[in-house]
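Notes for the one structure printed next.
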Amino acid sequence: MIQICESKYEQETSEQEYEFLKQQIAFYNLPSQSFECSKIFHHLPIDSIQNLTIREALMKQLKEVAIQSRNALFNMYLKSAEDQREEYKNKHEANVKKINASQYTLNKTEKLSSTLVQLIHERCNKISERIRCIYKFKSEYIPSKFS
């Protein structure tokens, strides 16, 4: 029971964390979060370059590098979160299969009662509900909600 509840917690947390990360990335891809709106952009020493052509070319290159780096970082975050989500999903499914299989392979005295199995599933549902509630609250307070 402990293993299945822990694996459900890990599975649901990784799922909600993945969805939360997608929301954050969507926020940071909004026009209001563009490179030109960032604090870094306004504190660059490029403004001291007198030649307008060189300054614009450097600014364009800097912007392209910043956008590529940000996109690469976001993709790496998503890939990592997706891998973790899949790992925990598979782990939980394996634990559920163990319980289900044990109901057929164990003798009558070792089997879990159907009531206990039902309680385990209900507990897992409560774990999911609680984590979804936490992430719903958390997502209401990401910066995109203040825009």
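Judged by distance alone, the side chain of Ser69 and the main-chain N or O of Ala66 form no donor-acceptor pair under 3.5 Å. Side chain of Arg55 to backbone of Ile49: a donor-acceptor contact under 3.5 angstrom is found.
Using a 4.5 Å cut-off between side-chain heavy atoms of Ile, Leu, Val, Met, Phe, Trp and Tyr, with links allowed through other members, Tyr77 and Tyr88 fall into different hydrophobic clusters. Note on Leu116: it clusters hydrophobically with Val96, by side-chain heavy-atom contacts below 4.5 Å among ILVMFWY residues. Taking hydrophobic clusters as Ile, Leu, Val, Met, Phe, Trp and Tyr residues chained together by side-chain heavy-atom distances below 4.5 Å, Met59 does not share a cluster with Ile67. Under the 4.5 Å side-chain heavy-atom criterion for Ile, Leu, Val, Met, Phe, Trp and Tyr, Leu58 and Leu52 are members of distinct hydrophobic clusters. In this structure, Leu119 is not a member of the same hydrophobic cluster as Ile127, with clusters built from ILVMFWY side-chain heavy atoms closer than 4.5 Å.
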Checklist entry - Passes side chain to side chain contact (heavy atoms under 4.5 Å, CB included), Glu140 versus Lys136? Steps please. => result CA-CA 6 Å; Glu140 290 174 358; Lys136 181 181 179 204; 3.8 Å; yes
Item to check | Lys98 vs Asn95, side chain to side chain contact (heavy atoms under 4.5 Å, CB included): CA-CA, chis, key distance, verdict | outcome: CA-CA 5 Å; Lys98 277 187 218 175; Asn95 285 333; 3.7 Å; yes
Next on the checklist: Before you tell me yes or no, could you show the steps for Gln16 and Arg132 under side chain to side chain contact (heavy atoms under 4.5 Å, CB included), namely the whole-Å CA-CA distance, both residues' side-chain angles and the distance that decides it to 0.1 Å?
Outcome noted: CA-CA 7 Å; Gln16 294 303 316; Arg132 281 189 214 118; 3.4 Å; yes
Item to check | side chain to side chain contact (heavy atoms under 4.5 Å, CB included) between Thr13 and Ile134, worked out | outcome: CA-CA 10 Å; Thr13 300; Ile134 290 167; over 6 Å; no
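A donor-acceptor contact closer than 3.5 angstrom is absent between the side chains of Gln84 and Tyr18.
With rounding to the nearest 0.5 Å, the separation of CD in Glu122 from CD in Glu129 is 10.0 Å. Rounding to the nearest 0.5 Å places SG of Cys5 at 8.5 Å from NE2 of His92. Distance check: Ser7 OG to Ile2 CD1 gives 12.0 Å after rounding to the nearest 0.5 Å. Distance check: Ser32 OG to Phe27 CZ gives 5.5 Å after rounding to the nearest 0.5 Å. Annotation: the span from Arg130 atom CZ to Asn125 atom CG amounts to 13.0 Å, rounded to 0.5 Å.
Contact of the Lys91 side chain with the Gln11 side chain is not registered, since no non-hydrogen atoms from C-beta on lie closer than 4.5 Å.
No option in Asn71, Leu78, Asn75 other than Leu78 meets the side chain to side chain contact (heavy atoms under 4.5 Å, CB included) test with Ile25. Each of Glu12, Glu17, Glu15 was evaluated against Tyr135; a single residue qualifies, Glu17, per the side-chain hydrogen bond (donor to acceptor under 3.5 Å, both in side chains) test.
Across every non-hydrogen atom of Ser14 and Arg85, the tightest pair is OG-CA, 3.4 Å.
Ring geometry, Tyr28 versus Phe74: the interplanar angle falls from 30° to 60°, so the pair is classed tilted.
Using a cutoff of 4.0 Å between basic side-chain nitrogens and carboxylate oxygens, Lys22 and Glu19 are scored as salt-bridged.
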